[in-house]
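Report on the structure given below.
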Amino acid sequence: MIITRPVLKDISMMREIVRPEVERGIILERSAEIMANMIRSYRVAWEEEAVLKRVQKTPQAKLKLESTSLNTLKNPIMLGFCALHIHSLELAEVRSLIVAPFAQRLGVGSELILDCEVEGKALGVKEILVLTYRRALFEKLGFQEVSKENIPNQKIWADCILCKHFPLCEEIALIKKI
């Protein structure tokens, strides 16, 4: 598996992967134009189709993160993506984490989150926030639950208010000091 920064032509495939979760109200919909505007905040996980098929046949197997380029994959398959959004000098957020159903439980989500952490550290943020229904995934990576009252107001009024569940949010807020 490799993690790359997307290019604009990847947006249509990214929207296709996230569409079922948007329809269920799990992830906020972002138009192609908004995704293009935020393209630099995203990261995408890919794997060679043959490797993916081999790993899928092995119970409890995980994909391994490789240091190679997308150009070296003969038949790359997009596995998932997420974004790192900067809220302030101290705080960033993992947003829009999605892993395609065929690639779930292979370590893709964890690697995408860890990639966000690496960038957050490099930028100098002190904490990473997430709002999620998947508490266990983030807790195993060192995130701890916090009260939603601790979420910055700009998050609530910029994003949460757009959610069909607002103000009756059932997502869990977690944060990690980095």
Side-chain angles (χ1 to χ4, degrees), residues 1-47 52 70 76-88 91-117 119-120 123 125 127-139 141 143 145-176:
M1 169 176 47
I2 62 169
I3 295 177
T4 67
R5 296 305 182 130
V7 294
L8 295 171
K9 70 179 178 77
D10 296 329
I11 291 174
S12 61
M13 193 180 315
M14 292 166 68
R15 288 178 47 82
E16 189 61 31
I17 288 174
V18 79
R19 186 176 42 80
E21 295 300 296
V22 167
E23 289 172 356
R24 292 179 45 218
I26 302 298
I27 293 180
L28 287 177
E29 180 169 21
R30 303 213 190 270
S31 69
E33 290 75 21
I34 289 173
M35 289 180 78
N37 183 264
M38 298 172 25
I39 196 78
R40 291 184 179 121
S41 68
Y42 288 103
R43 61 219 65 243
V44 179
W46 303 86
E47 184 55 273
L52 178 62
L70 188 57
I77 303 293
M78 185 183 289
L79 307 174
F81 65 90
C82 70
L84 182 69
H85 179 76
I86 307 301
H87 282 291
S88 69
L91 181 69
E93 177 188 7
V94 174
R95 286 185 169 179
S96 304
L97 175 63
I98 185 72
V99 176
F102 62 83
Q104 291 178 3
R105 305 234 179 262
L106 300 177
V108 177
S110 294
E111 291 296 345
L112 286 165
I113 296 164
L114 292 171
D115 194 71
C116 287
E117 280 186 38
E119 182 182 9
L123 292 172
V125 297
E127 298 177 309
I128 296 184
L129 166 76
V130 67
L131 282 169
T132 184
Y133 295 104
R134 307 225 186 237
R135 173 198 312 242
L137 171 63
F138 288 90
E139 284 180 337
L141 296 172
F143 285 74
E145 186 172 353
V146 294
S147 169
K148 287 186 198 151
E149 286 78 42
N150 294 334
I151 297 172
N153 283 337
Q154 71 262 31
K155 167 68 178 170
I156 302 300
W157 297 112
D159 294 321
C160 295
I161 200 164
L162 301 173
C163 179
K164 72 180 191 177
H165 302 294
F166 185 80
L168 303 173
C169 180
E170 294 182 14
E171 286 187 305
I172 299 154
L174 296 112
I175 203 158
K176 181 176 182 179

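Worth saying up front: this structure is predicted, and the values here are computed from it rather than measured. We count residues from 1, following the sequence as given.
- Heavy atoms only, all atoms of each residue included: A36 and L8 are closest at CB-CD2, 3.8 Å.
- Around the CZ atom of R5, the shell of radius 6.0 Å holds more than 12 heavy atoms that belong to other residues, nucleotides or ligands.
- A distance of 10.5 Å separates NE2 of H85 from CG of L129, quoted to the nearest 0.5 Å.
- Note: L112 CG to L79 CG = 8.5 Å, rounded to the nearest 0.5 Å.
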**Message:** Between I39 and I11, does the side-chain contact (heavy atoms from CB on, under 4.5 Å) criterion hold? Intermediate values first, please.
**Reply:** CA-CA 9 Å; I39 196 78; I11 291 174; 3.9 Å; yes
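- Scanning all heavy atoms of the two residues, the minimum distance from V18 to F81 falls at CB-CZ, 3.9 Å.
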**Message:** Could you walk me through whether V22 and L28 satisfy the side-chain contact (heavy atoms from CB on, under 4.5 Å) test, starting with their C-alpha distance in whole Å, then the side-chain angles of each, then the deciding distance to 0.1 Å, before giving a yes or no?
**Reply:** CA-CA 6 Å; V22 167; L28 287 177; over 6 Å; no
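- Atom CD of residue E93 and atom OG of residue S88 lie 11.5 Å apart, to the nearest 0.5 angstrom.
- Of all the heavy atoms in W46 and P76, the pair that sits closest is CE3-CB, 3.9 Å.
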**Chi angles and distances behind the side-chain contact (heavy atoms from CB on, under 4.5 Å) call for I172, R135** = CA-CA 7 Å; I172 299 154; R135 173 198 312 242; 3.5 Å; yes
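- Distance check: I26 CD1 to I98 CD1 gives 9.5 Å after rounding to the nearest 0.5 Å.
- Considering CZ of R15 and CZ of R19, their distance stands at 10.0 Å, rounded to 0.5 Å.
- Considering T132, V130, I27, L137 as possible partners of L97, the one that fulfils the side chain to side chain contact (heavy atoms under 4.5 Å, CB included) test is L137.
- In terms of the salt bridge (Lys or Arg N to Asp or Glu O under 4.0 Å) criterion, E111 has no residue partners (sequence neighbours excluded).
- Considering all non-hydrogen atoms of both residues, G107 and M1 come closest at O-CE, 4.2 Å.
- Scanning all heavy atoms of the two residues, the minimum distance from V108 to A45 falls at CG1-CB, 3.7 Å.
- Nearest heavy-atom pair, C116 versus L84, reported as atom, atom and distance to 0.1 Å: O-CD2, 3.6 Å.
- The CE atom of M78 sits 9.0 Å away from the CG atom of L70 when rounded to the nearest 0.5 Å.
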**Derivation and outcome, salt bridge (Lys or Arg N to Asp or Glu O under 4.0 Å), residues E119 and R43** = CA-CA 11 Å; E119 182 182 9; R43 61 219 65 243; 2.5 Å; yes
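- K176 has no carboxylate O lying under 4.0 Å from a charged side-chain N of E127, or vice versa, which leaves the two without a salt bridge.
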**Request:** Quick one: do C82 and R95 satisfy side-chain contact (heavy atoms from CB on, under 4.5 Å)? Show the steps, please.
**Result:** CA-CA 6 Å; C82 70; R95 286 185 169 179; over 6 Å; no
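- Inter-residue side-chain proximity for I128 and I175 is flagged as unmet; no heavy-atom pair is nearer than 4.5 Å.
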